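Please read the structure below before turning to the comments.
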Amino acid sequence: MHIAIAGNIGAGKTTLTKLLAKNFNWKAQFEAVDNNPYLDDKRLSGTMVNLSKLRREWSFNLQIYFLGSRFSQVKEIRESGENIIQDRTIHEDAHIFASNLHDMGLLQTRDYENYLTVFNLMNSFVQAPDLLIYLRASIPTLVKQIQQRGRDYESSISIEYLNRLNEKYESWVKSYDEGKLLIIDVDDLDFVNNPE
């Protein structure tokens with residue numbers, strides 16, 4: 001069984017992934033950010049320097065890195081035969097983040113089209129999760145949860161950026177037809193203090 005948790009930054013994906021994995025004694029699969037060579041380039045002494053210039057210069061490379069990493073994860077999940085809960089999907093990389101970078105002018109059209117060609121090829125070789133759980137959250141909930149976890153590199157995320165991502169998520173979920181989908185409104189849920 002492969003369950004994937006999708007949702008905007010701060011929606012609670014990682015927390016829910018950990019809770020479900022612990023509850024069902026399944027393996028949790030998390031986003032590979034620790035060894036990402038492009039994120040390391042962006043962190044200079046713990047602060048973000050000229051973020052828009054760095055985003056423009058590294059957007060394509062970063063998205064290709066995430067795409068390859070996620071493709072590897074999905075391949076590993078399917079070959080393992082284990083029950084796995086995955087934090088974020090390969091689909092979010094393409095339909096949400098790469099698309100948003102293109103809309104913002106940070107990913108050139110030719111790079112975006114090249115990216116989509118690679119994504120569509122990879123996607124033709126992988127199965128969708130048996131169940132996709134989408135965590136729907138309003139902007140105030142996302143902001144509150146981002147502030148609570150206090151990650152330095154998330155401190156500069158704007159409300160406008162979160163709103164754009166939310167719009168992308170809603171559009172993607174509305175047309176999602178690759179498998180079973182469960183939408184959970186997390187505005188009134190608190191996984192941390194109320195695991196039930």
Side-chain angles (χ1 to χ4, degrees), residues 1-40 43 46 62-63 65-97 122-123 125-155 157 162 165-166 168-170 172-173 176-196:
M1 175 74 69
H2 173 200
I3 296 175
I5 312 292
N8 204 340
I9 301 162
K13 295 177 304 300
T14 301
T15 302
L16 184 59
T17 298
K18 289 177 182 176
L19 288 171
L20 290 175
K22 182 178 178 183
N23 185 66
F24 292 110
N25 197 27
W26 286 13
K27 183 177 176 184
Q29 184 81 268
F30 296 100
E31 188 171 20
V33 293
D34 291 339
N35 297 318
N36 186 319
Y38 300 103
L39 288 180
D40 288 343
R43 291 192 196 143
L62 185 60
Q63 289 310 122
Y65 174 84
F66 278 124
L67 183 63
S69 173
R70 222 129 3 233
F71 181 73
S72 179
Q73 281 184 339
V74 173
K75 185 176 178 294
E76 179 185 318
I77 288 168
R78 289 301 179 174
E79 290 174 354
S80 75
E82 296 181 272
N83 293 320
I84 295 180
I85 300 176
Q86 181 185 23
D87 178 347
R88 189 151 297 171
T89 69
I90 194 170
H91 302 281
E92 289 166 270
D93 289 327
H95 297 293
I96 312 303
F97 293 97
M122 288 179 166
N123 196 39
F125 285 97
V126 298
Q127 284 181 283
D130 299 302
L131 174 64
L132 176 68
I133 299 174
Y134 169 55
L135 302 181
R136 177 181 281 147
S138 67
I139 300 302
T141 296
L142 297 174
V143 170
K144 179 180 132 196
Q145 292 181 174
I146 289 169
Q147 289 173 344
Q148 283 177 342
R149 64 188 181 195
R151 295 176 183 161
D152 285 341
Y153 62 91
E154 291 180 340
S155 64
I157 295 174
L162 291 173
L165 294 181
N166 256 7
K168 295 276 183 193
Y169 269 106
E170 290 299 320
W172 171 59
V173 165
Y176 183 79
D177 62 358
E178 296 194 36
K180 294 179 181 174
L181 171 66
L182 173 64
I183 300 173
I184 300 174
D185 188 332
V186 297
D187 282 348
D188 296 322
L189 296 178
D190 184 353
F191 303 139
V192 176
N193 298 313
N194 188 1
E196 295 79 22

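Keep in mind that what you see is a predicted model, and the values were worked out from it rather than measured.
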Rounded to the nearest 0.5 Å, what separation is found between the CG atom of Asp87 and the OG1 atom of Thr14? 3.5 Å
Are there more than 12 heavy atoms of other residues, nucleotides or ligands under 6.0 Å from atom CG of Asn194? yes
Any side-chain donor paired with an acceptor under 3.5 Å for Glu92 and Tyr134? no
Would you say the side-chain atoms of Gln73 pair up with the backbone N or O of Phe30, donor to acceptor, closer than 3.5 Å? yes
Check whether more than 12 heavy atoms from other residues, nucleotides or ligands sit under 6.0 Å from atom NZ of Lys168, and answer yes or no. yes
In Å and rounded to the nearest 0.5 Å, what is the OG1 to CG distance from Thr141 to Leu162? 11.5 Å
Hey, mind stepping through Asn23 and Leu19 against side-chain contact (heavy atoms from CB on, under 4.5 Å) and telling me if it holds? CA-CA 6 Å; Asn23 185 66; Leu19 288 171; over 6 Å; no
What are the two closest heavy atoms between Ala6 and Leu132, and how far apart are they? CB-CD1, 3.8 Å
Side-chain (Arg88) to main-chain (Gly7) donor-acceptor, under 3.5 angstrom: yes
Please step through side-chain contact (heavy atoms from CB on, under 4.5 Å) for the pair Ile5 and Leu20, ending with a clear verdict. CA-CA 10 Å; Ile5 312 292; Leu20 290 175; 4.1 Å; yes
Nearest-0.5 Å distance that lies between atom CD1 in Ile77 and atom CD1 in Ile3: 11.0 Å
When you measure from the side chain of Gln86 to the backbone N and O of Gln29, does any donor-acceptor pair fall under 3.5 Å? no
What pair of heavy atoms forms the shortest contact from Ala137 to Asp187, and how long is it? CA-OD1, 3.5 Å
Nearest 0.5 Å, what's the CD1-CG distance between Ile133 and Leu181? 9.5 Å
Salt bridge or not between Asp130 and Arg78? Use side-chain N to carboxylate O under 4.0 Å. yes
To the nearest 0.5 Å, tell me how far His91 NE2 sits from Ile96 CD1. 11.0 Å
Heavy-atom pair of closest approach, residues Arg136 and Ile183: NH1-CG2, 3.6 Å
How are the rings of Tyr176 and Trp172 set to each other: parallel, tilted or perpendicular (split at 30° and 60°)? perpendicular
Spacing of CG belonging to Leu67 relative to CG belonging to Asp93, to within rounding of 0.5 Å: 6.5 Å
